[in-house]
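To start, the structure under review is shown below, and the notes come after it.
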Amino acid sequence: MKKTPQTLTIAGSDSGGGAGIQADLKTFQELDVYGTSVITAVTAQNTTGVSAIYPMSPQAVQMQLGAVGSDFELAALKTGMLFNSEIIKEAVAAIRKFGWENIVVDPVMMAKGGADLLQQEAVDALKTQLLPLALLVTPNIPEAEALTGITITSAASRRYAAEQILGLGAKAVVIKGGHAVNAEYAEDYFLQTNGESVLYRSVRIVTDQTHGTGCTFAAAVTAELAKGQQLKDAIFTAKQFIQAALSEPLNIGKGHGPTNHAAYKAGMLGKKEVNKIEVFQ
Ligand SMILES: Nc1ncnc2c1ncn2[C@@H]1O[C@H](COP(=O)(O)OP(=O)(O)OP(=O)(O)O)[C@@H](O)[C@H]1O
Ligand SMILES: Cc1ncc(COP(=O)(O)O)c(N)n1
């Protein structure tokens, strides 16, 4: 009997439902994989910002990881908001204990509104303990800069930062371009350890409804990996998924609204010229 691919997200809860665990589970569902979740922190959050963060105790994280690991056969997993080094240590221990593979690390550091989703003391643990286990790490531009100390202002500095991130032990990296200033395109730059690179490019959609784009993108990659797709194809599908999610806004909330997780499966991708994704190898 063919089983539905099973996935896990280790991340924070967003009460507003657009980012974090909620974005991940919606994306998993839309892409036809079964999603489990380990909650690292509860955030009181909506489209206007984060008003409070309640981290889980390391033991609460450990118990959730144990419950998932002792029952499910995970084909891929992602990490999002991990908040502190103790929680990172629990995630790393479980990955080793259960032999989980296909690990996508979204190195979430800050919410769009500026709230700290990773404490400064945890950056070192993220770099030295978690990144070496990653099949793919998915920083946005500020995160890639924080991980490397390199200011990204050009294609050359972006490549240099990607090389430095691979030097931390990840097998591949994609530096997402959502944060590029004054850019006509949203470009995601992929580099893997054999030196192969791919640039995924789409027209930048002019919208303020971008809450949770990074979580959704990484969850889509994870879902596709769980279904057996190769990494470069999984990233292509994720780029399509987020483009459709941005181009069909829901107009929800008073601030930076969530993306439309249902748009891709509803077949909205092919409906607009703006949804075309270009790939440069
Ligand atoms: N305005 C936009 N138009 C088209 N694509 C976008 C836009 N903004 C972001 N993206 C795409 O969304 C994905 C996530 O990129 P982004 O750089 O926004 O990540 P992020 O900053 O981690 O997200 P978040 O702010 O949710 O943490 C990438 O594929 C990126 O190209
Ligand atoms: C729980 C949680 N995880 C991740 C994000 C990042 O998403 P964004 O940068 O779009 O706010 C978030 N806001 N909340």
Side-chain angles (χ1 to χ4, degrees), residues 9-25 27 37 39-56 78-83 104-118 137-146 152 158 174-190 198-221 234-249 253 255-259 263 272 274-278:
T9 169
I10 307 172
S13 165
D14 168 11
S15 52
I21 288 279
Q22 288 79 0
D24 295 343
L25 291 178
T27 305
S37 60
I39 297 183
T40 57
V42 171
T43 69
Q45 184 174 182
N46 59 25
T47 63
T48 68
V50 177
S51 46
I53 296 177
Y54 303 94
M56 295 289 110
K78 79 168 277 270
T79 66
M81 172 187 182
L82 295 172
F83 195 64
V104 176
V105 174
D106 184 12
V108 171
M109 293 184 179
M110 219 180 249
K112 286 214 171 73
D116 258 334
L117 303 181
L118 183 74
V137 54
T138 65
N140 60 25
I141 290 173
E143 289 157 357
E145 291 179 336
I152 298 176
R158 182 176 60 191
V174 61
I175 299 183
K176 301 167 296 185
H179 291 249
V181 272
N182 301 328
E184 186 183 346
Y185 298 106
E187 285 185 353
D188 300 340
Y189 176 71
F190 170 80
V198 183
L199 189 69
Y200 301 86
R201 186 163 88 178
S202 67
V203 169
R204 174 178 297 276
I205 294 163
V206 181
T207 173
D208 63 355
Q209 300 187 46
T210 55
H211 178 57
T213 48
C215 308
T216 301
F217 176 82
V221 176
I235 295 170
F236 182 70
T237 303
K239 181 78 174 144
Q240 289 184 316
F241 189 96
I242 197 67
Q243 192 75 2
L246 285 165
S247 72
E248 297 293 333
H256 285 282
T259 71
K272 288 185 176 168
V274 74
N275 286 343
K276 193 161 163 265
I277 311 293
E278 291 182 284

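Note that ligands are numbered from 1 as they come in the structure, with each ligand's atoms numbered from 1 the same way.
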* Which atoms of ligand 1 are found less than 4.0 Å from any heavy atom of Leu246? -> 2 (C), 3 (N), 4 (C), 5 (N), 6 (C), 7 (C), 10 (N)
* Asked: Which atoms of ligand 1 sit under 4.0 Å from any heavy atom of Gly212?
  -> 26 (O)
* Structure fact -> For Gly257 and Thr47 the tightest heavy-atom approach is CA-CG2, 3.8 Å
* **Glu187 side-chain N/O to Gly177 backbone N/O, donor-acceptor pair under 3.5 Å** => no
* Asked: Considering only heavy atoms of Lys176, which atoms of ligand 1 have at least one such atom less than 4.0 Å away?
  -> 14 (C), 15 (O), 17 (O), 19 (O), 20 (P), 22 (O)
* Closest protein heavy atom (residue, atom, distance) for atom 18 (O) of ligand 1 -> Thr213 OG1, 2.9 Å
* With atoms numbered from 1 as shown, which atoms in ligand 2 lie under 4.0 angstrom from a non-hydrogen atom of Ala111? -> 9 (O), 11 (O), 13 (N)
* Structure fact -> heavy-atom search around atom 5 (C) of ligand 2 in the protein gives Leu117 CD1, 3.5 Å
* Ignoring angles and geometry beyond distance, decide whether Lys239 reaches within less than 3.5 Å of ligand 1 through its nitrogen or oxygen atoms. => yes
* atom 21 (O) of ligand 1: which protein heavy atom is closest, and how many Å away? -> His179 NE2, 2.5 Å
* Asked: Does any non-hydrogen side-chain atom of Ile10 lie less than 4.5 Å from one of Thr40?
  -> yes
* Out of Gly178, Ala19, Gly80, whose heavy atom is nearest to atom 16 (P) of ligand 1? -> Gly178
* Structure fact -> re atom 7 (O) of ligand 2, the protein heavy-atom contact at minimum distance is Ala19 CB, 3.7 Å
* Shortest protein heavy-atom distance from atom 25 (O) of ligand 1, along with the residue and atom involved -> Lys112 NZ, 2.5 Å
* **Student check: side-chain heavy atoms of Leu82 and Val108 closer than 4.5 Å** => no
* Asked: Only one of Lys239, Lys176, Arg204 forms a salt bridge (charged side-chain N to carboxylate O under 4.0 Å, His left out) with Asp188, so which one is it?
  -> Lys239
* Asked: Which one of Gly214, Cys215, Ala144, Gly177 has a non-hydrogen atom at the shortest distance from atom 26 (O) of ligand 1?
  -> Gly214
* Determine whether the side chain, the backbone, both or neither of His211 has a heavy atom under 4.0 Å from any heavy atom of ligand 1. => neither
* Asked: By number and element, which atoms of ligand 1 are closer than 4.0 Å to a non-hydrogen atom of Phe217?
  -> 29 (O)
* Heavy-atom closest pair, residues Gly18 and Pro258 -> CA-CB, 3.8 Å
* **Element-labelled atoms of ligand 1 that are located less than 4.0 Å from some non-hydrogen atom of Gln243** => 4 (C), 5 (N)
* **Heavy-atom closest contact (Asp116 atom, Ile53 atom, distance)** => O-CD1, 3.4 Å
* **Nearest neighbour in protein (non-hydrogen) for atom 10 (O) of ligand 2** => Gly212 N, 2.6 Å
* To do: Would you confirm whether Ser51, through its side chain, and Ala44, through its main-chain N or O, come within 3.5 Å as a donor-acceptor pair?
  => yes
* Asked: In this structure, which one of Asp106, Asp24, Thr138 forms a side-chain hydrogen bond (donor to acceptor under 3.5 Å, both in side chains) with Lys78?
  -> Asp24
* Please list, chain by chain and in numerical order, all residues satisfying side chain to side chain contact (heavy atoms under 4.5 Å, CB included) with Ala238, sequence neighbours excluded. => Phe217, Ala220, Val221
* Is the shortest heavy-atom distance from the side chain of Gln45 to the side chain of His211 under 4.5 Å? -> yes
* To do: Would you indicate whether the side-chain heavy atoms of Arg158 and Leu199 approach each other to under 4.5 Å?
  => yes
* To do: Just let me know how His256 lines up against ligand 2, side chain, backbone, both or neither, with a heavy-atom cut-off below 4.0 Å.
  => neither
* Return the minimal non-hydrogen interatomic distance between Gln209 and Pro249, and the atom names on each side. => OE1-CB, 3.5 Å
* **Minimum-distance pair of heavy atoms, taken over all atoms of Gly20 and Cys215** => N-SG, 3.3 Å
* To do: Please write down residue, atom name and distance for the protein heavy atom closest to atom 13 (N) of ligand 2.
  => Gln45 OE1, 2.7 Å
* Which pair of non-hydrogen atoms, one from Tyr200 and one from Phe190, has the smallest distance, and what is that distance? -> CE1-CB, 3.8 Å
* Asked: Please state which protein non-hydrogen atom is closest to atom 4 (C) of ligand 2 and give its distance, to 0.1 Å?
  -> Cys215 SG, 3.6 Å
* Under 4.0 Å from a heavy atom of Asp188: give me the atoms of ligand 1 that qualify, with their elements. => 28 (C), 29 (O), 30 (C), 31 (O)
* What part of Ile205, side chain from CB on, backbone N/CA/C/O, both or neither, has a heavy atom under 4.0 Å from ligand 1? -> both
* Asked: Judging by distance only, is a nitrogen or oxygen of Asp14 under 3.5 angstrom from one on ligand 2?
  -> no
* **Nitrogen or oxygen atoms of Thr207 and ligand 1 under 3.5 Å apart** => no
* Asked: What atoms of ligand 2 come closer than 4.0 angstrom to any heavy atom of Gly12?
  -> 1 (C)
* What atoms of ligand 1 come closer than 4.0 angstrom to any heavy atom of Ala186? -> 4 (C), 5 (N), 6 (C), 31 (O)
* To do: Using a strict cut-off of 4.0 Å, indicate which atoms of ligand 1 neighbour a heavy atom of Ile242.
  => 12 (O), 29 (O)
